[in-house]
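Take a look at the structure below.
Basis for what follows: all heavy atoms, side chains included, without hydrogens, waters or symmetry-related copies. Below, chains carry the letters A, B, ... as their sequence lines are ordered, and counting in each starts from 1.
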Amino acid sequence: MDRRVRVRFAPSPTGALHIGGVRTALYNYLFAKKHGGDFLIRIEDTDQTRYVPGAENYIIEALKWVGIIADEGIGFGDGPHAPYRQSERKPMYLQYVMQLVDAGYAYYAFDTAEDLDAMRERLKASNVDSKYDAITRMAMKNSLTLPEDEVKRRLEAGEPYVVRIKLPKKEDVKFHDEIRGWVNINTAQMDDKVLFKSDGMPTYHLANVVDDYLMNISHVIRGEEWLPSAPLHVLLYRYLGWEDVMPKFAHLPLLLKPEGNGKLSKRDGDRLGFPVFPLEWKDPATGEVSSGYRESGYLPEAVMNLLAFLGWNPGTTQEIFSREELVEAFTLDRVSKSGAKFDQNKAKWFNQQYVRHTPDKVLAESLKKDVLAHNLNYSEEYITKVCGLIKEKISFIKELWEIGSYFFVAPTQYDEAVITKRWNDKSPLVLQDLIQLVRGNQAFDAASFEVNYNEALSKNGVSNKEFLQLLRVCLSGVAGGPPIFEMAQLFGKEVTLERLQHALSNIKK
RNA sequence: GGUCCGUUGGUCAAUCGGUUAAGACGCUUCCCUUUCACGGAAGAAUGAGGGGUUCGAUUCCCCUACGGACUACCA
């Protein structure tokens with residue numbers, strides 16, 4: 001087995017890519033990198049009716065944001081097998097369809113939608129599986145039942161037709177799945193799937209097999225929803241004479257809705273209370289906006305890490321993995337077989353780990369946007385220091401502003417619980433003295449402020465325990481936060497005095 | 001309904017016939033701390049059910065139950 005590893009992620013541009021799709025792409029990517037192979041992006045847009053403008057671009061941007069960089073394909077500079085969009089490969093499929101028809105592995109079918117409906121209803125009524133198969137096809141309008149000259153006439157007259165695969169009546173199709181082992185399905189359970197549609201486009205099944213063959217794909221790593229049609233694909237490889245270069249299959253477990261029922265889907269949007277999309281997505285048809293991981297303050301490295309762990313684990317207790325470590329550790333045989341429910345808490349925890357290890361300077365870039373959005377002007381140095389002081393308290397970057405806005409805007413309200421509990425007749429006196437002492441200082445820093453504070457306390461016979469929390473509230477308005485004296489030092493002498501003064505004249509029990 | 005796939009704490013999960021059945025998230029308690037966090041310590045909580053095979057089953061087989069996927073001229 002020294003075939004070069006080549007894998008692909010082949011999404012359909014029918015809307016935003018949800019995180020399950022991103023995970024599939026990620027596993028392909030990790031597998032390719034692990035084996036020094038190639039990872040390519042192919043756009044499967046054979047269904048023109050479901051095309052959604054902007055979706056293709058969204059998919060590419062989402063992958064790039066997470067850090068899944070392809071070697072070839074749409075959005076990644078194409079490559080030796082261009083084009084990578086199936087709609088643009090349209091002329092390539094016909095010859096393979098003809099090859100199958102000529103060899104007797106496929107046939108023309110002229111049934112209308114009404115014909116098919118009628119057939120399905122008839123079979124349903126007699127309690128039989130309603131599928132177009134070795135039995136029922138003999139009662140339909142196709143090149144197996146129509147006289148040869150009639151078929152020729154219809155074809156020449158330009159009547160609409162599809163090409164269906166001609167499955168054997170009863171035959172076991174066995175194939176090996178890298179994750180699940182041997183899977184066996186009998187053709188009696190399958191139906192004569194359409195390979196070539198009346199609009200001249202191949203269906204997924206045909207296009208997928210042809211393109212994977214032409215692009216020299218060595219492993220097909222895709223979602224479990226494809227497992228039932230894998231035998232059809234195996235048969236196509238066989239009938240086209242490509243069985244010796246047929247890729248290996250690996251069907252990934254699905255990502256499930258956290259509340260229990262069903263697989264995660266695009267339509268879940270924000271309903272679940274967490275983003276299902278990597279980036280914010282606005283549905284062009286409905287105008288509905290769904291939130292994205294990026295916009296919610298997730299870091300791309302964290303998303304890659306947490307997605308990797310949804311259905312895979314390294315077998316060790318290490319959970320935080322860099323991209324390189326994931327590439328190194330990833331193997332298909334450690335992918336689990338059962339679907340995983342997305343856990344918001346765990347996702348949050350992953351992000352927190354990454355936020356904590358993000359340099360203050362980088363966090364500051366994000367916080368700066370919030371500062372500017374509020375028409376405030378602070379130096380980068382100041383914003384960076386704020387980040388250093390509060391970053392361990394947050395899980396998401398956007399919380400920097402949410403919990404740290406008092407570094408930029410003076411409090412107008414004071415935590416009531418603390419005021420009720422601690423504010424008494426002596427409080428104004430302590431504040432007054434503290435203000436006096438700070439004013440008298442030339443310099444101002446954490447240490448000198450603390451000295452002044454202690455002096456003000458002892459002068460009024462107030463204990464540290466009684467007053468410290470109150471001091472915090474006077475300065476920031478809220479009960480929790482970083483060490484008080486460091487915080488004050490960052491505020492600077494002027495702001496500290498202003499806030500103390502404001503508290504003195506505004507807080508009343 | 002049919003076919004296929006799956007089933008270890010609430011969630012993600014390790015174990016590849018012999019363990020006190022890891023670890024993480026979440027939860028509870030305690031310690032640290034002016035506070036909020038962080039960090040540290042401890043705790044509650046798991047093999048769907050029933051049959052086999054075996055000296056021994058979470059692990060292998062069968063049945064049942066449950067969950068999921070598929071069942072389009074969609075992917």
Side-chain angles (χ1 to χ4, degrees), chain A residues 10-14 44-50 86 109 111-113 116 120 124 127-132 160-164 177 179-181 183-186 188-191 193-205 207-208 222-231 251 253-254 256-258 260-263 306 309-320 333-334 336-350 352 356 390-395 403 415 418 422 463-473 476 478-485:
Chain A
S12 226
T14 57
E44 311 227 326
D45 55 349
T46 52
D47 186 356
Q48 318 262 279
T49 64
R50 293 212 305 159
Q86 289 183 331
D111 314 285
T112 63
L116 292 170
R120 284 178 189 129
K124 208 162 234 173
N127 239 330
V128 183
D129 255 9
S130 58
K131 52 189 193 343
Y132 206 115
Y161 69 92
V162 300
V163 175
R164 288 180 181 271
D177 184 276
I179 294 168
R180 280 150 224 285
V183 177
N184 189 8
I185 297 184
N186 195 284
Q189 252 61 129
M190 300 160 60
D191 57 355
K193 280 274 180 291
V194 170
L195 302 178
F196 194 75
K197 300 185 275 189
S198 57
D199 65 357
M201 276 288 196
T203 58
Y204 170 83
H205 305 295
N208 174 263
R222 73 225 306 190
E224 196 187 358
E225 69 267 27
W226 293 110
L227 193 55
S229 53
H251 290 93
L254 266 13
L256 273 17
K257 295 182 207 285
N261 301 337
K263 66 169 176 174
L306 73 91
F309 269 71
L310 237 36
W312 172 86
N313 78 82
T316 66
T317 56
Q318 184 184 350
E319 290 193 284
I320 300 301
D333 61 9
R334 292 210 66 90
S336 52
K337 294 179 175 68
S338 50
K341 286 180 187 167
F342 185 86
D343 181 7
Q344 245 189 114
N345 278 323
K346 193 68 187 253
K348 183 176 164 182
W349 176 82
F350 268 111
Q352 189 188 60
R356 209 177 298 161
I390 63 175
K391 76 170 172 183
E392 69 179 22
K393 301 176 199 314
I394 63 166
S395 298
I403 73 150
D415 187 287
V418 175
R422 298 294 184 196
S463 78
N464 179 51
K465 193 168 169 92
E466 279 177 276
F467 202 83
L468 197 59
Q469 182 101 51
L470 207 47
L471 178 63
R472 170 183 297 287
V473 170
S476 72
V478 296
I484 294 176
F485 301 106

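Ring orientation note: the planes of A:F350 and A:F309 are tilted relative to one another, at an angle of 30° to 60°.
Comparing B:A65 with B:G26, their C1' atoms sit 29 Å apart, to the nearest whole Å. Rounded to a whole angstrom, the distance from the C1' atom of B:A57 to that of B:G49 is 16 Å. Rounded to the nearest Å, the gap between the C1' atom of B:G6 and that of B:A48 is 13 Å. B:C16 sits 23 Å from B:U54 when the P atoms are compared, rounded to a whole Å. Separation of the P atoms belonging to B:G43 and B:U11 is 23 Å when rounded to the nearest angstrom. The separation of B:G40 from B:C60, taken at their P atoms, amounts to 36 Å, rounded to a whole angstrom. Nucleotides B:A45 and B:A21 place their P atoms 14 Å apart, quoted to the nearest Å. One P atom belongs to B:U20, the other to B:C38, and the distance between them is 35 Å to the nearest Å.
When rounded to the nearest whole Å, the span between NZ of A:K348 and P of B:A37 equals 11 Å. If you take NZ of A:K341 and C1' of B:U7, they are 11 Å apart, rounded to a whole angstrom. Summarising the geometry, the separation between OH on A:Y204 and P on B:C70 is reported as 13 Å, rounded to the nearest angstrom. Here the P atom of nucleotide B:U71 and the NZ atom of A:K131 are 14 Å apart, to the nearest Å. Summarising the geometry, the separation between CD on A:Q469 and P on B:C36 is reported as 8 Å, rounded to the nearest angstrom. Between A:D191 atom CG and B:C4 atom C1' there is a gap of 14 Å when expressed in whole angstrom units. The NE2-P distance, from A:H205 to B:C70, rounds to 12 Å in whole Å. The interatomic distance linking A:E224 (CD) with B:A75 (C1') rounds to 16 Å, in whole Å.
Legend: residues meeting side chain to side chain donor-acceptor pair (under 3.5 Å) with A:T112, ordered by chain and number and at least two apart, are A:E114, A:D115.
With a 4.5 Å cut-off on side-chain heavy atoms, A:Y132 and A:D111 count as touching. Taking 4.5 Å as the limit, some side-chain heavy atom of A:P231 sits within range of a side-chain heavy atom of A:M190. Residues A:K263 and A:E225 have side chains in contact (heavy-atom distance under 4.5 Å, counting atoms from C-beta outward).
For B:C12, neither phosphate oxygen OP1 nor OP2 lies less than 4.0 angstrom from any side-chain nitrogen or oxygen of A:S336. A close approach under 4.0 Å does not occur between any side-chain nitrogen or oxygen of A:S338 and OP1 or OP2 of B:G68. Residue A:R356 has a polar side-chain atom (N or O) positioned under 4.0 Å from OP1 or OP2 of B:G39. In terms of phosphate contacts, A:R334 brings a side-chain nitrogen or oxygen within less than 4.0 Å of OP1 or OP2 of B:U15.
Contact annotation for A:K465: no contact, since no heavy-atom pair falls under 4.0 Å across all strands. Heavy atoms of A:L227 sit under 4.0 angstrom from primed sugar atoms or phosphate atoms, though from no base atom. A:G311 comes within contact range of the sugar-phosphate backbone alone, with a heavy-atom separation under 4.0 Å but no base atom that close. Contacts of A:T46 with the nucleic acid, taken as non-hydrogen atoms under 4.0 Å apart, involve only primed sugar atoms and P, OP1 or OP2. The residue A:D111 sits close to a base: some heavy atom pair falls under 4.0 Å. As judged by a 4.0 angstrom heavy-atom cut-off over every strand, A:P483 is placed among the base-contacting residues. As judged by a 4.0 angstrom heavy-atom cut-off over every strand, A:E392 is placed among the base-contacting residues.
Mapped onto RNA chain B by nearest heavy atom, A:F342 and A:N464 fall at different nucleotides, with A:F342 at the one closer to the 5' end. In this structure, A:N184 and A:A479 both approach RNA chain B, and ranking their closest nucleotides by distance from the 5' end singles out A:N184.
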Pairs under 3.5 Å (N/O, protein and nucleotides 24-26 of chain B):
residue, atom, partner, partner atom, Å
B:A24, O4', A:E319, OE1, 3.1
B:A24, O2', A:E319, OE1, 2.5
B:A24, O2', A:K346, NZ, 2.8
B:A24, N3, A:K346, NZ, 3.2
B:C25, OP1, A:W349, NE1, 3.4
B:C25, O2', A:N345, O, 3.4
B:C25, O2', A:K346, N, 3.2

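Nearest to the side-chain atoms of A:P228 among the listed nucleotides B:C4, B:C73, B:C70 stands B:C70. Here B:C70 is the nucleotide among B:U11, B:G6, B:C70 with the atom lying nearest to any side-chain atom of A:E225. For A:L254, the listed nucleotide lying nearest its side chain is B:A69; candidates were B:A69, B:C4, B:G6. Checking B:U35, B:A75, B:U7 against every side-chain atom of A:W226, the shortest atom distance belongs to B:A75. Closest approach to the A:R50 side chain among B:C74, B:C38, B:C4 is made by B:C74 (side chain taken as heavy atoms from C-beta onward). Ranking B:G6, B:C70, B:C4 by closeness to the A:R180 side chain, first place goes to B:G6. The nucleotide whose nearest atom lies closest to any side-chain atom of A:V183 is, among B:C73, B:C5, B:G68, B:C5. In the set B:A75, B:U71, B:A13, B:U71 carries the atom at the smallest distance from any side-chain atom of A:K193.
Base pairing of B:A22: no nucleotide in any strand meets the Watson-Crick or G-U wobble criterion (both distances under 3.5 Å).
Side-chain atoms of A:N127 stay outside donor-acceptor range of the base of B:G1, with no qualifying N/O pair under 3.5 Å. For a distance-only test at 3.5 Å, the side chain of A:K393 qualifies as a donor-acceptor partner of the base of B:C36.
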